[in-house]
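This report concerns only the one structure given below.
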Amino acid sequence: MEKKYQVFISSTYTDLIEERQKAVEAILSAGHIPAGMELFHAGDETQKELISEWIEDSDIYVLILGGRYGSLDSDGMGYTHWEYEKAKELGKPFFSLVLTKNYLNNKVLSGKLQATDLSYDDAKLVEFRDEVKTKIVSNIDNIDQIEAAVIKSINRTIKKYENNLEGWIKGSSLKELEELREEKQKLTSELVNQQGEVIGMQKKAKPVKDDYIGEFSFEAIRDVLSSTLIEKDQLDEALDEVEHRGRNYFSNQLELDEYISEVRLSKIDSSLAYLLDRKSDLLSSNFELDNGFPVDNLISKYYVSTWEQFSLVKKIIIIDNTSRYQLTEAGKKFISMADISSVQDNVK
């Protein structure tokens, strides 16, 4: 269901009106909702609580950092810097556009900015800029780059955090959503009834079941695989590295974006879930891992190593730093038992 996301634009104001307008146009072009200091009186201490509420109500925060630190609050911090820290404190997904020194100098030469308004080397601004650049930023060298950078960053942020973004949906969509929920409940009920019949037949056909796979019980292996996890921050870090070095792995941006989206939608939350998700590839010996690829390294280190520990898979070939795996007989037995166990759990 299509959602619109509210994007809060943060920057110094009078020197970056044109840049802010470009960002607003980009957000609207992407189908989302811009919000920012146009709604408030800049530098008004009494507005902080209201601004904080707007940042909290927004889904995404974007910083445009130019050549001024801006007016200070009573604690000596610039208002833009304060907004940036507030967004981080609230855990908002954010991205930053940093205007280069060349961009700002050209703006002075064109008469769009007074030289006296430019304080690029101000100590507070330098410290703030260094802090911002510890994250991946878009360096802007001309104003035409702003629209593309904003749209690209919004799309990337939505793909990365879509499960945590609230957004806005049309009121008419709520009825459609309710109808889908009712249909899902109906189908689930029918499926449970069918699964119950299958389990009943299985119990009659095989009242005694061998619960061991090699030296370990099925339950013991399942528990280990279920508790072997790749933490979200580890996966995010690996995907950030892939994105940062994308041209080394992919021929174009579309392939890179499709890969990142595929990883986030795949069942990669545990060694067990990933094994079951990739069983078709493992059965056909088409499961491969590139040992030089950040995400594949994580999967190999945390997931494939546990499969190999219980002899569920075996490595069959290594070509150009790429390892290929296939299920063993023990692995096939484990997956079969896992499928049966899943059906039983659903019925319960």
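All heavy atoms count here, side chains included; hydrogens, waters and symmetry mates do not. Along the sequence shown, the residues carry numbers beginning at 1.
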Do the side-chain N and O atoms of [X] and [Y] include a donor-acceptor pair separated by under 3.5 angstrom?
X: Ser119; Y: Tyr69; value: no
X: Thr306; Y: Thr228; value: no
X: Gln234; Y: Tyr302; value: yes

In the single-linkage hydrophobic clustering (I, L, V, M, F, W, Y; side-chain heavy atoms under 4.5 Å), do [X] and [Y] co-cluster?
X: Ile60; Y: Val24; value: yes
X: Leu275; Y: Val263; value: yes
X: Ile136; Y: Tyr161; value: no
X: Leu298; Y: Leu229; value: no
X: Val126; Y: Tyr120; value: no

Distance-only, no hydrogens or angles: does the [X] side chain make a donor-acceptor pair with backbone N or O of [Y] under 3.5 Å?
X: Ser284; Y: Ser280; result: yes
X: Thr12; Y: Gly70; result: no
X: Asn142; Y: Asp144; result: yes
X: Lys124; Y: Gly76; result: yes
X: His32; Y: Ile27; result: no
X: Thr157; Y: Ser153; result: yes
X: Asp59; Y: Leu165; result: no

Report yes if the side chains of [X] and [Y] come closer than 4.5 Å at any heavy-atom pair, otherwise no.
X: Leu312; Y: Ile221; answer: yes
X: Leu239; Y: Tyr259; answer: yes
X: Lys101; Y: Asp121; answer: yes

Atom [atom1] of [X] and atom [atom2] of [Y]: how far apart are they, to the nearest 0.5 Å?
X: Glu127; Y: Arg129; atom1: CD; atom2: CZ; answer: 11.5 Å
X: Trp82; Y: Asp73; atom1: CH2; atom2: CG; answer: 8.5 Å
X: Ile158; Y: Arg156; atom1: CD1; atom2: CZ; answer: 12.0 Å
X: Ile64; Y: Tyr13; atom1: CD1; atom2: OH; answer: 12.0 Å
X: Lys22; Y: Glu18; atom1: NZ; atom2: CD; answer: 7.5 Å
X: Leu256; Y: Gln253; atom1: CG; atom2: CD; answer: 5.0 Å

State, to 0.1 Å, how close [X] and [Y] come at their nearest heavy-atom pair, and which atoms those are.
X: Ala149; Y: Ile140; result: CB-CD1, 4.1 Å
X: Ser11; Y: Glu83; result: N-OE1, 4.4 Å
X: Ala238; Y: Pro294; result: O-CB, 3.8 Å
X: Ile230; Y: Tyr303; result: N-OH, 3.1 Å
X: Phe128; Y: Leu63; result: CZ-CD2, 3.9 Å
X: Gly66; Y: Leu125; result: O-CD2, 4.0 Å

In a table with atom names and distances, give each donor-acceptor pair under 3.5 Å that connects a side chain of residues 89-99 to protein atoms at least two apart or in another chain.
residue : atom : partner : partner atom : Å
Glu89   : OE2  : Lys86   : NZ           : 3.4
Lys92   : NZ   : Glu56   : O            : 2.7
Lys92   : NZ   : Ser58   : O            : 2.8

CA sep, side-chain torsions, deciding dist, call: Ser10, Tyr84, side chain to side chain donor-acceptor pair (under 3.5 Å): CA-CA 8 Å; Ser10 178; Tyr84 180 79; over 6 Å; no
Set of salt bridge (Lys or Arg N to Asp or Glu O under 4.0 Å) partners for Asp141, sequence neighbours left out: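 Result, salt bridge (Lys or Arg N to Asp or Glu O under 4.0 Å) vs Asp141: none returned.
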Asp15 meets the salt bridge (Lys or Arg N to Asp or Glu O under 4.0 Å) criterion, sequence neighbours left out, with Arg68
Parallel, tilted or perpendicular: ring planes of Trp307 versus Phe287, cut at 30 and 60 degrees: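 The rings of Trp307 and Phe287 sit tilted, inter-plane angle from 30° to 60°.
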Charged N to carboxylate O below 4.0 Å: is that the case for [X] and [Y]?
X: Glu19; Y: Lys107; result: yes
X: Glu219; Y: Arg222; result: no
X: Lys279; Y: Asp339; result: yes

With a sphere of 6.0 Å drawn around [atom1] of [X], does it hold more than 12 non-hydrogen atoms of other residues, nucleotides or ligands?
X: Glu255; atom1: CD; result: yes
X: Glu53; atom1: CD; result: yes
X: Lys159; atom1: NZ; result: yes

Verify salt bridge (charged side-chain N to carboxylate O under 4.0 Å, His left out) between Glu131 and Lys88, making sure each step is shown before the conclusion. CA-CA 12 Å; Glu131 177 187 354; Lys88 287 169 49 178; 2.9 Å; yes
